[in-house]
Amino acid sequence: MLIYDQPIERAKPEGRPAAAVPAGFSVLELVQLLWQRKAAIASAALIAACAAVAVGKSLTPKYTASAQLYVDPRELQLVDRELTPRAQDISGLAMVVESQARVITSNNVLLQVIRDTNLEKDPEFGGRDGKGFLGSLLGLVGIEMRPSAEQQKQIQMGALEALNRHINVKKTDRTFIVDIDVWSYEPAKAAMLANAISKAYLAESKQSQAAAARRATTDLSGRLKELQERLRNAENTLAVYKAQNNFVGTQDTLISDQQLSSSNQRLAAARALTLDAQAKYDQIEASRKAASDPSAIPEVLQSQTIANLRAQYAEARKRQAELQSELGPRHPALRQAEQQVQDLRRTINEEVGRFAQAAKNDLIRARDYEASLSKALEAQKRQSVQMSQASVRLRELERDVDASRDVYQSFLKRSRETEEQESLNTSNARIIGEATVPQRRTFPPAMSLLAMIGFVLGGLAAAGWIIAANHLAPGTGPLPRPEETPALKEFAVAKGGGDPRPQTAVSLIEKPMIIELQETDVIRTLGGILATDSTADVTRLGWPTLRAGFPLMTVLSAIREMRAALTRRAGEQTVPVMAVIGADADQDRSIAALNIALAAARDGVKVLLIDADLKQRTLSGKVSHLARSEPSRFGWLGIGTRAPRAIATANGISILPVLNTGDAKAGDAIGKAVVQARSETGCDLVILDGPALPWGPADRKLLDIADGLVGILPTELDINEHMEGIISALGGDERKIVGVVLSEVTPTAPGSQQDRQYA
């Protein structure tokens, strides 16, 4: 039985014997029980130790040999300058090493080991000759039968499966070290297999690299012919296009460009010659027209003929002057001398005229030459424009040729490199520790360890058997009593009320939530002074109500847990119904019911509080003057023909007074209201204030409707006696109790107190 004024402890029965059904056990009694059976436990432990040693002796020992490989994922760079690359992704390297660890146990490696070590003939690995019974009989007479290819393959697959079970490959963290562990029933065989696996892995790694290089070489060589043909076609197309469009010249410039440049230079020189000839001719003509001495022209002065004629002319003039001084004007010698001077002057003029004609001829020739050069240059310009237009296609063809040449050269170079890499081993894996013949077995463990394990397991099994047998047969040993185990979650309550005789029938009840409602948790108001005609407020009814603004109060947390237990009992799909009950028909129960509803409303729960006290009707009397209020969303919850409607309050609580009629009719109306509240969505929790003891048939119906019960025990009374009365009255419904409220709050405060908690 629970002592309700001391929620943590258990109540010790007075004058009643301990219940016969065990509620638990204590560690001290468990130790006492095991000590009493120590001989049996020790005997069982020794027997188990001997059995473990015997089993260990009968097991075939296993030996494990280990070989260590250093698998560096950074392969040797035999083509570049450095042997290994400097910077690589560490996570990527670790994945490469793990992949290589899986390669060690691949079928290719293990099949090679089987072929090298003839494991298909080893009985430990399922080896057999494949002859069968008939082959054995024929072997006795000297006829040997060889297994077929299919039989040989099946034998190898069996040996492969067995070898897989004997191998364990693991990688050391944050290293490139891989351990190959192989176990066998023979130590030498284990070491031999570990070394064979490591060597087969290295050979497989080398072969795989060579095969990859060979495959790359084959693929590249197959593409070389196609690339070579493409390059040849591109070059032929380029050559034909050059020939068709007269693209002839050196690699840097074309002949047409060279000719155009040369023609420009020659035209400039011809124009200079024309200008020079024009100037010379103009000078000669100007001298002749001005009647000046034509022999003063620079070209005339340079002529040897003119020079001789001028010398003869000077000599003739001299002689004429001498004869004029000696002879008369009509003298024949003088006339002859004058005639000679005139002839020489005429000859000189004729010679100068020939110079003028020569200059004119030179001018005409220079002009003709310049015109021919200008015409040829225009033709070359037109040809150059045509060549420029054709060079667009030419450059496109040249780019095609260059691209084809580059691709072909890169493929050719890479093909030669991969061809050479077929004979190179770039793997950086090596054996750093060969397996040695193990000197100690790995299974089974040492006999001392087996004996210790068997001893411990045997002792634990014997102790467990004794404890189980003791609980199944209560009379075989000391059992713990319920009143000596306060930490259990279940407690026993004897039925029968105040019968002093020993009780044999005991009901096990799950311990409910115990709440202490203290004076410090509430605040009081004077309802007569604070009553208004506005929306009703439950804190102005004159009863003590929970303080507002203190969400971390212990009583609020306890009420939340009590509501959670009620919700679990009712289920998630229905509106839970709580009935607040008490031993006496007083205001303590109604005050507690109102505060439970107020605590739920402050958590956002929509509460319908129904006065189910069919006798006293305390809650209905408090809210009767508010019945004129407008109906709320629970206004449809009417009781009877002219029943009062649910009164909406400013606190999130709707209060439904009791019908002022007989108990049966009022109880039926309350039941209908609960059913309607569950069928609609406007309510989250229904709280029944009552009924109060003693219960009649109508009250029993209300208790059957409720999903959980909350008992109210005033602390000024004997709470244990009151709780026993409630449980006795409940009969078989005591399991519905989800909480007990120990209330030290009185309905009215002492008149002398004037503290702030009183309004």
Side-chain angles (χ1 to χ4, degrees), residues 512 515 538 543 559 562-563 565-567 569-570 574-601 605-623 634 637-640 643-644 646-647 649 653-661 663-680 682-713 726 729-730 733-734 736-741 743:
I515 305 171
V538 297
W543 281 348
I559 292 176
M562 185 174 64
R563 291 203 317 270
L566 178 66
T567 303
R569 286 175 177 267
T574 183
V575 176
V577 179
M578 175 192 298
V580 181
I581 59 178
D584 296 328
D586 52 15
Q587 294 184 359
D588 294 317
R589 185 196 65 254
S590 299
I591 292 174
L594 180 63
N595 283 288
I596 293 174
L598 184 59
V605 179
K606 301 175 182 178
V607 182
L608 174 62
L609 179 59
I610 302 177
D611 187 2
D613 188 355
L614 304 180
K615 299 178 180 62
Q616 298 296 327
R617 295 176 170 86
T618 305
L619 181 61
S620 298
K622 274 289 183 182
V623 298
F634 296 105
L637 291 174
I639 302 178
I647 301 171
T649 66
I653 303 173
S654 295
I655 302 176
L656 186 62
V658 68
L659 183 64
N660 189 11
T661 183
D663 294 348
K665 189 174 182 180
D668 294 340
I670 293 175
K672 292 180 180 179
V674 172
V675 173
Q676 292 177 359
R678 283 180 167 175
S679 62
E680 298 294 334
C683 180
D684 299 329
L685 175 63
V686 177
I687 299 178
L688 303 180
D689 177 17
L693 286 173
W695 296 323
D699 298 329
R700 288 287 181 180
K701 291 182 180 180
L702 296 179
L703 294 178
D704 294 338
I705 295 175
D707 299 312
L709 306 178
V710 177
I712 308 301
L713 303 177
I726 292 175
L730 286 173
D733 292 335
E734 65 271 10
K736 285 189 176 183
I737 298 177
V738 296
V740 176
V741 178
S743 176

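In this chain, residues are counted from 1 in sequence order. Everything numeric in this text was worked out from a predicted model, so none of it was measured.
- Nearest heavy-atom pair, A666 versus L614, reported as atom, atom and distance to 0.1 Å: CB-CD2, 3.9 Å.
- Without hydrogens or angle criteria, D668 side chain to K665 main chain gives no donor-acceptor distance under 3.5 Å.
- Rounding to the nearest 0.5 angstrom, the gap separating the CG atom in D689 from the CD1 atom in I581 is 12.0 Å.
- A 4.5 Å side-chain heavy-atom check between I655 and V538 finds at least one atom pair inside the cut-off.
- Minimum heavy-atom separation, V658 to S620: N-OG, 2.9 Å.
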Next on the checklist: Does R563 form a side-chain contact (heavy atoms from CB on, under 4.5 Å) with V605? I'd like the steps, not just the answer.
Outcome noted: CA-CA 11 Å; R563 291 203 317 270; V605 179; 4.3 Å; yes
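- Looking at residues two or more places apart in sequence or on another chain, you find a side-chain contact (heavy atoms from CB on, under 4.5 Å) between V710 and M562, M578, I596, I712, V738, V741.
- For the atom pair CG of L594 and CD1 of I591, the computed distance is 8.5 Å after rounding to the nearest 0.5 Å.
- In this structure, I726 and L713 have side chains that are in contact, with non-hydrogen atoms separated by less than 4.5 Å.
- In this structure, R589 and D613 have side chains that are in contact, with non-hydrogen atoms separated by less than 4.5 Å.
- With rounding to the nearest 0.5 Å, the separation of CH2 in W543 from CG in N595 is 10.0 Å.
- A600 and L685 get closest at one heavy-atom pair: CB-CD2, 4.0 Å.
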Next on the checklist: If you apply the rule side-chain contact (heavy atoms from CB on, under 4.5 Å), what do you find for I705 with I670, and how did you get there?
Outcome noted: CA-CA 10 Å; I705 295 175; I670 293 175; 5.9 Å; no
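- Put simply, CG on L609 and CG on L598 are 10.5 Å apart, with the number rounded to the nearest 0.5 Å.
- The backbone N or O of A706 sits less than 3.5 Å from a side-chain atom of K736, completing a donor-acceptor pair.
- The heavy-atom pair separating C683 from V686 by the smallest distance is SG-CG2, 3.8 Å.
- In plain terms, the two heavy atoms of A599 and I559 that are nearest each other are CB-CD1, 3.8 Å.
- Rounding to the nearest 0.5 angstrom, the gap separating the CD1 atom in I647 from the NZ atom in K622 is 13.5 Å.
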Checklist entry - Are I737 and L730 close enough, and set up right, to give a side-chain contact (heavy atoms from CB on, under 4.5 Å), and what steps lead you there? => result CA-CA 10 Å; I737 298 177; L730 286 173; 3.9 Å; yes
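- For the pair P657 and V623, the minimum side-chain heavy-atom distance is below 4.5 Å.
- D707 meets the side-chain contact (heavy atoms from CB on, under 4.5 Å) test with L566, A570, P576, V577, R678; sequence neighbours excluded.
- Checked against salt bridge (charged side-chain N to carboxylate O under 4.0 Å, His left out), D611 has no partners two or more places apart in sequence or in another chain.
- Among all heavy-atom pairs drawn from S590 and T618, the shortest one is OG-CB, 3.8 Å.
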